[in-house]
Amino acid sequence: QAQLVESGGGFVQPGGSLRLSCAVSGITMEDYAMGWFRQAPGKEREGVSCISTDDKREYGDSVKGRFSISRDNAKNTVYLQMVRLEPEDTAIYYCAATMRMATLFDDDYNYWGQGTPVTVAS
């Protein structure tokens, strides 16, 4: 049974940085594309970033140039480095895994974590 556990969320002021981690167990992470998604209050879940099994990366338009995704298969962990955070980045952040191609569409993902909250405010 796959288990994905996010960590690293918290409260940060605008312009600040956070690094989210997603620890994966129960599956061989190197065989899976990984994605980060977020859901803000009252909004639909949106794709933030994804990384393929061969390290190809994709980002949502709202985070390009500010967020960076990476993976460490030896540690079964995927990361999301976030800099220059804005209040609009406030959301619950989820990581997900799929054996399909890496995409920013949540329907393509099979396994999900419980999420970690990120709040950006003064």
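Throughout, numbering of the chain's residues begins at 1 and tracks the sequence.
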Value rounded to 0.5 Å, distance of [atom1] in [X] from [atom2] in [Y]:
X	Y	atom1	atom2	result
Asn76	Leu4	CG	CG	10.0 Å
Glu30	Ile27	CD	CD1	11.0 Å
Cys22	Gln3	SG	CD	10.0 Å
Thr98	Met34	OG1	CE	10.0 Å
Arg71	Cys50	CZ	SG	10.5 Å
Lys64	Arg57	NZ	CZ	15.0 Å

Got [X] and [Y] here, is their nearest side-chain heavy-atom distance under 4.5 Å?
X	Y	value
Tyr59	Arg66	no
Thr103	Tyr109	yes
Phe67	Asp89	yes
Lys75	Ser21	no
Val48	Met82	no

Under 4.5 Å between side-chain heavy atoms, counting indirect links through other Ile/Leu/Val/Met/Phe/Trp/Tyr residues: same cluster for [X] and [Y] or not?
X	Y	answer
Leu18	Leu80	yes
Val83	Trp36	no
Tyr32	Leu104	no
Val78	Val118	yes
Phe11	Val120	no

Looking only at non-hydrogen atoms, find the nearest pair between [X] and [Y] and report the distance.
X	Y	answer
Asn73	Met29	OD1-CE, 3.2 Å
Glu58	Ala102	OE1-O, 4.2 Å
Ala33	Met101	CB-C, 4.2 Å
Pro117	Ile92	CB-CD1, 3.6 Å

Of Trp112, Tyr93, Tyr94, which is the lone residue that meets ring-ring contact (aromatic ring centres under 6.0 Å, His included) with Phe37?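 For Phe37, the ring-ring contact (aromatic ring centres under 6.0 Å, His included) check succeeds only for Trp112.
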Glu6 side-chain N/O to Cys95 backbone N/O, donor-acceptor pair under 3.5 Å: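 Confirmed, Glu6 side chain pairs with Cys95 backbone.
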With a cut-off of 6.0 Å (strictly less than), are more than 12 heavy atoms of other residues, nucleotides or ligands near CD of Gln114?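 Open: at most 12 neighbouring heavy atoms sit under 6.0 Å from CD of Gln114.
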